[in-house]
Structures are given as structure tokens and as C-alpha cells.
Amino acid sequence: MSENANTSISRTRSWFYTLRTIFAREIKSFLCTPFGWVILACAIAMQGFWLQTAIQTMSKATGESIMYYMLDNVNFWFFFIFIFPLVTMRSMAEEESHGTMEGLLTAPVTTTQIVIGKYLASLVFYTILWLPMLLYPSMSDLGNLYTSIRYDVVPEGRINYTPVDWYGPISILFISGSFFISLGLLCSSLTRSQIIAGIVCTCVIIIYYFMGRVPELWGEFPAAPAFHYMSISEQISSFTRGLMDTRPIVLYVSLTVFTLALTKRVVDYRRWHR
């Protein structure tokens, strides 16, 4: 193996080692502090509340899966929208307010490593918040309801179940969440105040959410398909019904990459204007 190849491999290993160090530092800030555990406790409590509400709703209506009733809930949207500012508002703003960003930007690390490391840590913690939902199908009496897209009572009094891959709802929560995490990271990089970062992130996500509701308010018009394409509520509803679509995946992956690129530019600006 040539010397150039060995040098390239060594640099690649060093790059990923630095990235892993930043990631480990950030994930510890979630899992080794009361802040992260409080968010996790709230997430578990809210998921239990959604499950209880869904079971009560299903006792009065038929035709949808329990996941549909869990996620088609005003309490779910309240928690879903506000969880991203909570997870991301500390990422960059806390570094600025505590004065540690100066040392981080002058260290032998690249801006890309900083942004990706912080993003991956926030995304992993966000994923951990939804892991308790994976335990619900293992419940003996709940399994059939949880994994069914429809359940209808036939004249004989029996209940017919139509199985569906329940990973769909979890997938859309992860895919859409990956974009909203990057959006929160961008908002956190724009200010040194965690509160301002959280407020800005919340406002942007709410605006994005209501953009998907525009056709419901104004009716169908020539540009309505674009708003339907952006509607997170319609996407979650479709994935919950078992209708897997690649368009939301393309949308959120593209938006995530674009938002992370903007975040890198913001951090670069701060690095070279100090």
C-alpha cells in the first residue's frame, strides 16, 4: 500500500474519531443530566396517555388502527411540535452562552464535524424517546389491535383484523423528526439564548405544520398539491394506514441536508468573524 493511501486512511480514521468524540460529548449531555431524563419521562407519560385515549376511542368506533388514534390526537401534536425545541435549543446556544463555543471553534475540528456530531446526538436522543412505543405490540391483548389497520365487527359478533406493518408510523416519525431536529439545530446556531432558539424553532415548525393545512382553510386551488405534499399530518395519517410513500422520504432528506448545510454556513461565519 502506498504512502498516500496510508495517509488518507489515517486522516479518515482521525476524522471519524473526532466526530465520535463530539457525538459522545453531546449524547452524554442528554443521558447523564436530569434535563434529558425529564424529557424522556415526559415522553413515556405522553405515550401512555395517547395509548389510553386511543383504546377508549376505539371502543366507540371502528375502521382504523390503534396507531391512527394514538397519532391523530391534539395532545400528540402539542407534544410533537414542542419536543424539537427542547431537544435542540441547547446544542449551539448553550455553547455560546457558556463561552465554550470559542474553544470548540478554535480546536482542531472542522465545522462539519461539529454540526454532524451535534445533529446525530440529538437525532439519537430523539429516537430513544420513541423506543417505548416498540414494546406495545408485545402486549398479549393489545398486539392484534396495535398491528391492525382495520378492525370491523361482522354480523356473527367476531372482529376481523387486517394486519399491516406497524413500522410505518414509527418510520414517518423518525423521517420527519430528522428534518425538525436539523431545523432546531439551525435555530440554536443563530443565537446565544436558549429561550430565543426554542421560540424561533417552535414558531417555524408551527408555520410548517399549518402550511400543510392551507387546503383545508382555503379549499383546493392550483397550488394546493404542493401544500398537500408538505402536510405532515397527511403523511402521518397515510403511513399509519399502511400507505408507505417515498415522496415524504425524498422531501425530508432533502430539507435535512439543506438545513444542515445552512447551519454549517452559520457556524463558519461565527468561526471566521471572531
Side-chain angles (χ1 to χ4, degrees), residues 1-40 43 83-131 134 170-171 173-192 194 197 201 249 252-274:
M1 186 177 297
S2 66
E3 182 178 351
N4 290 335
N6 289 331
T7 302
S8 177
I9 294 175
S10 177
R11 288 178 178 176
T12 302
R13 289 178 178 175
S14 176
W15 194 92
F16 280 103
Y17 177 80
T18 303
L19 177 65
R20 186 182 66 179
T21 302
I22 296 175
F23 170 80
R25 174 176 175 266
E26 291 299 313
I27 200 67
K28 286 180 181 178
S29 69
F30 289 114
L31 301 180
C32 298
T33 61
F35 177 79
W37 288 99
V38 168
I39 296 179
L40 181 58
I83 191 174
F84 301 104
L86 289 175
V87 171
T88 60
M89 66 182 184
R90 303 169 64 211
S91 298
M92 297 288 188
E94 186 179 48
E95 300 273 11
E96 284 285 350
S97 62
H98 290 175
T100 55
M101 181 62 81
E102 182 82 24
L104 187 61
L105 294 180
T106 55
V109 297
T110 65
T111 307
T112 302
Q113 290 171 326
I114 295 173
V115 173
I116 294 179
K118 288 179 174 292
Y119 171 74
L120 291 178
S122 299
L123 184 61
V124 167
F125 180 72
Y126 168 78
T127 304
I128 291 174
L129 298 181
W130 298 104
L131 290 181
L134 301 179
I170 302 297
S171 299
L173 290 177
F174 176 80
I175 295 168
S176 60
S178 64
F179 164 57
F180 294 131
I181 289 291
S182 67
L183 188 61
L185 194 65
L186 173 62
C187 295
S188 182
S189 68
L190 294 172
T191 177
R192 64 173 57 220
Q194 298 180 41
C201 180
I249 299 176
Y252 289 121
V253 169
S254 302
L255 289 176
T256 299
V257 173
F258 176 73
T259 307
L260 290 177
L262 283 180
T263 305
K264 179 181 180 299
R265 295 292 294 178
V266 171
V267 177
D268 274 335
Y269 178 85
R270 291 193 168 189
R271 163 172 276 182
W272 301 115
H273 287 76
R274 288 182 177 272

Item to complete: First locate atom CD1 of I114, then atom CE of M92, and finally report the distance between them rounded to the nearest 0.5 Å.
Response: 7.0 Å

Practice prompt. Assess whether side chain to side chain contact (heavy atoms under 4.5 Å, CB included) is satisfied between L173 and Y126, documenting all intermediate values.
Written response: CA-CA 10 Å; L173 290 177; Y126 168 78; 4.2 Å; yes

Worksheet entry | Atom CZ of F35 with >12 non-hydrogen neighbours under 6.0 angstrom | yes

Response to the item:
Value for OG (S91) from CD (Q194), rounded to nearest 0.5 Å, stands at 9.5 Å

Discussion item. Applying side chain to side chain contact (heavy atoms under 4.5 Å, CB included) to R20 and Q113, what does each step give before you reach the verdict?
Written reply: CA-CA 9 Å; R20 186 182 66 179; Q113 290 171 326; over 6 Å; no

Worksheet entry | Rounded distance (nearest 0.5 Å) linking atom OG of S122 with atom CZ of R90 | 10.0 Å

Fill in: Those residues that, when tested against Y119, pass side-chain hydrogen bond (donor to acceptor under 3.5 Å, both in side chains) (two or more places apart)
none

Contacts table for residues 175-184: side-chain donor-acceptor under 3.5 angstrom, sequence neighbours left out:
| unit_1 | atom_1 | unit_2 | atom_2 | d |
| --- | --- | --- | --- | --- |
| S176 | OG | I172 | O | 2.7 |
| S178 | OG | I175 | O | 2.5 |
| S182 | OG | F179 | O | 2.6 |

Worksheet item: Looking only at heavy atoms, what is the nearest atom pair of A197 and S188, with distance?
Response: CB-CA, 3.7 Å

Worksheet item: Which atom names give the shortest non-hydrogen contact between T33 and S29, and what distance separates them?
Response: OG1-O, 2.5 Å

Discussion item. Taking side-chain contact (heavy atoms from CB on, under 4.5 Å) as the criterion, tell me which of I22, L186, T263, L120 meets it with V115.
Written reply: T263

Item to complete: State the NZ-OG1 distance between K264 and T259, to the nearest 0.5 angstrom.
Response: 15.0 Å

Worksheet item: Please walk me through it: do L260 and L185 pass side chain to side chain contact (heavy atoms under 4.5 Å, CB included)?
Response: CA-CA 8 Å; L260 290 177; L185 194 65; 4.1 Å; yes

Item to complete: Calculate, to the nearest 0.5 Å, the distance between atoms CZ and OG1 belonging to R265 and T111 respectively.
Response: 10.0 Å

Worksheet, complete the sentence: Those residues at least two apart in sequence (or on a different chain) that pass ring-ring contact (aromatic ring centres under 6.0 Å, His included) with F125 are F30

Practice prompt. Enter the distance from L123:CG to T256:OG1 here, rounded to the nearest 0.5 Å.
Written response: 8.5 Å

